[in-house]
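Contents: one structure, followed by commentary.
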Number of protein chains: 2
Amino acid sequence: MPERPEIPIYRQIADQLRAAILAGELRDGDRLPGENTLMREYGIARATARQALAVLINEGLAVARRGSGVYVRLFRPIRRHGSQRLTRWREGEAIWEADTRGRPYVVDAVHVERAEAPADVAAVLGSGQVWVRQRRYSVEERPVQLATSFYPAALAEGTRIAEADSGPGGVYARLRELGKGPSHFTEEIRGRMPMPPESRMLELPAGTPVLVVTRLAYTAEGEAVEFNQMIMDAAAYILQYDFEA
Amino acid sequence: MPERPEIPIYRQIADQLRAAILAGELRDGDRLPGENTLMREYGIARATARQALAVLINEGLAVARRGSGVYVRLFRPIRRHGSQRLTRWREGEAIWEADTRGRPYVVDAVHVERAEAPADVAAVLGSGQVWVRQRRYSVEERPVQLATSFYPAALAEGTRIAEADSGPGGVYARLRELGKGPSHFTEEIRGRMPMPPESRMLELPAGTPVLVVTRLAYTAEGEAVEFNQMIMDAAAYILQYDFEA
DNA sequence: TAGTGGTCTAGACCACTTT
DNA sequence: AAGTGGTCTAGACCACTAA
């Protein structure tokens, strides 16, 4: 086995399995050799076999199903257009429709409340009191995004922005009715591993990072009217931005 | 110890340590309790203590240094602007701490060659033969990005695009001289765990995802002149895009 | 030299899935 | 009932770091 004894056994095994996956010998959903198989085949201890499989699981290339086996992971991303998608809100259509292109989607875990803004949010919105809208998006039964939006309380108070159902056209339509329609946006994107609550809400298998998109929306006058933070299953998304030189 | 026996011991320990990190009790660079400490303190076996620490390491919250200990991880990102036209919208609004000013990039691992294009590249550039430019960027001694650019061979042949040093102003200046200056860009962003070669080149600790940015550059006439794929240490970058409704 | 993390063995019991 | 992954114990030897 130790063709290259300087490389740990569990890494050699992981490398072989990864190569098989990337070469297409093992496809999406295929079953990988399990712990017992690896123990027999390579003459190693249980923990070592687990370690090899853990490498692939932590790379997001495989998922473990208790009582069943370890399987090659699927990747069917949603394409999200950053620069073009927001042009359609004027027509009263929910922004989310643009992303899924007719694929069925579900919004749940909706939670709307008035609260004191975290320091970073307050600094941007210039308002200590905010209305907070939280929700979760799922596509084809699979949760893919958690979103939390903040709006200055002075703006949202008494409007449907402060209700669970924000009405036709969503929050942006309400803002426009207030003469505060968003016209400029900035989006910041970071990548990191999920925290446990995010992992739970998005039902993420080990080895899946999240994309954190923070969007700020401004009126034409430069007033910040929305702070929106989205936590996305990185395996579920491709973000696309178009711009000119 | 088992306040909630349904939660595995190693998770309970990891949760306590994570809470201490997020609460600021343990700061960037601080040493976490090591394996031996956890074994004594919780009366657990070695493997269990390792498992607890592995959770934090895989979340990117900690890094292990052999022979030394496990430490809380630093996060000092670089802010990368995808579209810089709307700079007035970002003054005084940096949400996440980022230090971009005056930090020079060092470029190494430069490799330029003529090759046959991969299928996806060929489909975009409309050219099977391409010149490939690879390089690595580092900031403050730390490698942060790998980049691979493809140019149609018919365009690059005989120009400095096909040389290691592309000359003043870089490749884009050469393209302009050819009357093929890029004027429209699209960038696609994905997040995933790194493959071993990427991990090695970027010297990534376990638990750090990468951001994969694929940029396509088009002339004003709509001709694709560059396919550029960047692999970025996700802990080192914030990507920012500005746009209007 | 003492302590640390990295790798590995050889067991064990459990919950869960599949047959 | 058999097989699977999830958790855990109790050891071992090693390479590396720091005092």
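A note on names: the letters A, B, ... follow the listed sequences, proteins ahead of strands, and every chain is numbered from 1.
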Of the listed nucleotides [options], the one nearest the side chain of [X]:
X	options	answer
A/R50	C/dT4, D/dG5, C/dG5	D/dG5
B/Q51	D/dG5, D/dT7, C/dG6	D/dT7
A/A47	C/dG5, C/dC16, C/dT9	C/dT9
A/R31	D/dT4, C/dG6, D/dG6	D/dT4
A/R66	C/dC16, C/dG6, C/dT18	C/dC16

* Asked: Do you know which two heavy atoms are closest between B/A164 and B/V112, and how far apart they sit?
  -> CA-CG2, 3.8 Å
* Asked: Which atom pair, heavy atoms only, marks the closest approach of A/I9 to A/I44?
  -> CG2-CG2, 4.0 Å
* **Residue closer to the 5' end of DNA chain C, B/R40 versus A/G67 (nearest nucleotide)** => B/R40
Between [X] ([atom1]) and [N] ([atom2]), how many Å, whole number?
X	N	atom1	atom2	answer
A/I7	C/dC8	CD1	C1'	17 Å
A/L32	D/dG3	CG	P	20 Å
B/I13	D/dT7	CD1	C1'	13 Å
A/I57	D/dT4	CD1	P	15 Å
A/E35	D/dT7	CD	P	11 Å
A/I44	C/dG6	CD1	P	19 Å
A/Y42	C/dT7	OH	P	18 Å
B/R11	D/dC8	CZ	C1'	15 Å

Respond yes when some side-chain nitrogen or oxygen of [X] is under 4.0 Å from OP1 or OP2 of [N], and no when none is.
X	N	result
A/Y10	C/dC8	no
B/N36	C/dT4	yes
B/T48	D/dT9	yes

* Which is true for B/L53 with a 4.0 Å heavy-atom rule: it touches a base, it touches only sugar-phosphate, or it touches nothing? -> nothing
* Taking the side chain as every heavy atom from C-beta outward, state whether B/L204 and B/E198 have any pair of such atoms under 4.5 Å apart. => no
* State plainly whether the residues B/R142 and B/E203 are in salt-bridge range, i.e. N to O under 4.0 Å. => no
* Asked: Taking the six-membered ring for Trp, are B/Y241 and A/Y241 parallel (under 30°), tilted (30 to 60°) or perpendicular (over 60°)?
  -> parallel
* Asked: Does A/R46 make a side-chain donor-acceptor contact with the base of D/dG5, cut-off 3.5 Å?
  -> yes
